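Report on one structure; see the data block that follows.
Computed from heavy atoms alone, side chains included, the values below leave out hydrogens, waters and symmetry copies. Lettering of chains follows the sequences in order, A, B, ..., and the numbering in each one begins at 1. The structure displayed is predicted, hence computed values, not measured ones.
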Protein chains: 2
Amino acid sequence: MDTMTLSALAEPNRMRIVELLRDRPHNVSEIANQLWLRQPQVSKHLRVLHEAGLVDVHPAAQQRIYQLQAKPFEELDCWLETFKRVRETRIDSLDNYLRELKN
Amino acid sequence: MDTMTLSALAEPNRMRIVELLRDRPHNVSEIANQLWLRQPQVSKHLRVLHEAGLVDVHPAAQQRIYQLQAKPFEELDCWLETFKRVRETRIDSLDNYLRELKN
DNA sequence: AGTGAATATACCTGTCAAGGCATATAACAA
DNA sequence: TTGTTATATGCCTTGACAGGTATATTCACT
């Protein structure tokens, strides 16, 4: 799994931005107003999100419309699937491990 | 979504530890050897993972067996589901947004 | 051309987190 | 007890990163 995606999402304000964009696309100042952030910080966060491939941009006049990109979420979903086995075999795994220790 | 989970996973070495624990539980020195990390750093990373609820510990003699915990992965899964709508309505959302801009 | 709005960037500063290393703690063994 | 193994913690240094503020850039409009 690409840790760049996760570190981009791990910052609280970026998380808020992503959850805002989940509903619909937004331009920069809309995000700044909605989330009570200053415009430069929003631009910087969007830059990080863009470099992580989490959003893409559509220029419209002086404005820039930011929108979520599906790919990283799908990749995260795939990665998470590899943990589904863990959810059932936890106790068995530990038992087996402890049993091996005794040998 | 809890950003603590994400920031714990966002650190590359912790990600490697988690992916190692996905297969089966491990004790500290096993992790250190497998991943070519020094023991103190492994302990520190495990501490972070533990505080984030991603792992739990089972003492066995002097050793401590670390194992993945299912809950945070399930929560991440739930959160990801809220983005499934995005994957289909991307183009429509943008069109609608641009249409509103013209008014 | 000149003005204003929307956005990006540069620079500074403070904070936090990761690695390295030494050392403390705890449990077992002889 | 003493030594040995497994693990945790403390301290230090360094690098990354987020916020604040000022400024640059880009486009539209008159």
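- The distance from atom CZ of B:R64 to atom C1' of D:dT9 is 12 Å, rounded to the nearest whole Å.
- Residue side chain A:Q39 reaches the base of C:dA8 through a donor-acceptor N/O pair under 3.5 Å, judged by distance alone.
- When distances are taken from the side chain of B:R38 to each of C:dC21, D:dA22, D:dA18, the shortest belongs to C:dC21.
- In this structure, of C:dG19, D:dC27, C:dA27, it is C:dA27 that holds the atom nearest to the side chain of B:Q62.
- We find the CG-CG distance between A:L9 and A:L54 to be 5.0 Å, quoted to the nearest 0.5 Å.
- Taking the six-membered ring for Trp and thresholds of 30 and 60 degrees, B:F73 and A:F83 have nearly parallel ring planes, at less than 30 degrees apart.
- For B:Q41, whose side chain is taken as the heavy atoms from C-beta onward, the closest listed nucleotide among D:dT7, C:dG19, D:dA6 is C:dG19.
- Separation of atoms NE2 (A:H26) and CD1 (A:I65) is listed at 10.5 Å; rounding is to 0.5 Å.
- Between the CD1 atom of A:I91 and the CD atom of B:Q67 there is a distance of 8.5 Å, given to the nearest 0.5 Å.
- Distance CD1 (B:I65) to C1' (D:dT7): 12 Å, rounded to an integer number of Å.
- The listed nucleotides are D:dC11, D:dG19, C:dT9; the one nearest the side chain of B:K44 is D:dC11.
- Here the nucleotide nearest the side chain of A:S43, chosen from C:dA8, D:dA28, C:dC21, is C:dA8.
- In this structure, A:R14 reaches the D:dA18 phosphate: one of its side-chain N or O atoms is under 4.0 Å from OP1 or OP2.
- With rounding to the nearest 0.5 angstrom, the CZ atom of B:R16 is 9.5 Å from the CD atom of B:E11.
- B:P59 comes within 4.0 angstrom of no nucleic acid atom, judged by non-hydrogen atoms across all strands.
- Taking for each of A:V48 and B:P40 the nucleotide of DNA chain D with the nearest heavy atom, the 5'-most of the two is the partner of B:P40.
- Atom C1' of nucleotide D:dT25 and atom CD of A:Q63 are separated by 16 Å, given to the nearest angstrom.
- Between A:D2 and A:K71 there is no salt bridge, since no side-chain nitrogen of the basic residue lies less than 4.0 Å from a carboxylate oxygen of the acidic one.
- Contact annotation: B:H45 side-chain N/O to C:dG19 OP1/OP2 distance is under 4.0 Å.
- Rounded to a whole Å, the CG atom of B:L49 is 12 Å from the P atom of D:dA8.
- Here the side chain of A:V28 is nearest to one of D:dA8, C:dA8, C:dA18, namely C:dA8.
- The shortest distance between the side-chain N/O atoms of B:Y66 and the OP1/OP2 oxygens of D:dA6 is not below 4.0 Å.
- Following rounding to the nearest Å, B:L37 (CG) and D:dA8 (C1') show an atom-to-atom distance of 16 Å.
- Atom CG in B:N33 sits roughly 12 Å away from atom C1' in D:dA6 (whole-Å rounding).
- Atom CD in A:E11 sits about 13 Å away from atom C1' in C:dT15, given to the nearest Å.
- Closest contact between the side chain of B:A61 and the listed nucleotides C:dA27, C:dA18, C:dT9 involves C:dA27.
- As a whole-Å value, the separation of A:W36 CH2 from D:dG20 P is 14 Å.
- Residue contacts shown for A:S29 are limited to sugar-phosphate atoms, with no base heavy atom under 4.0 Å away.
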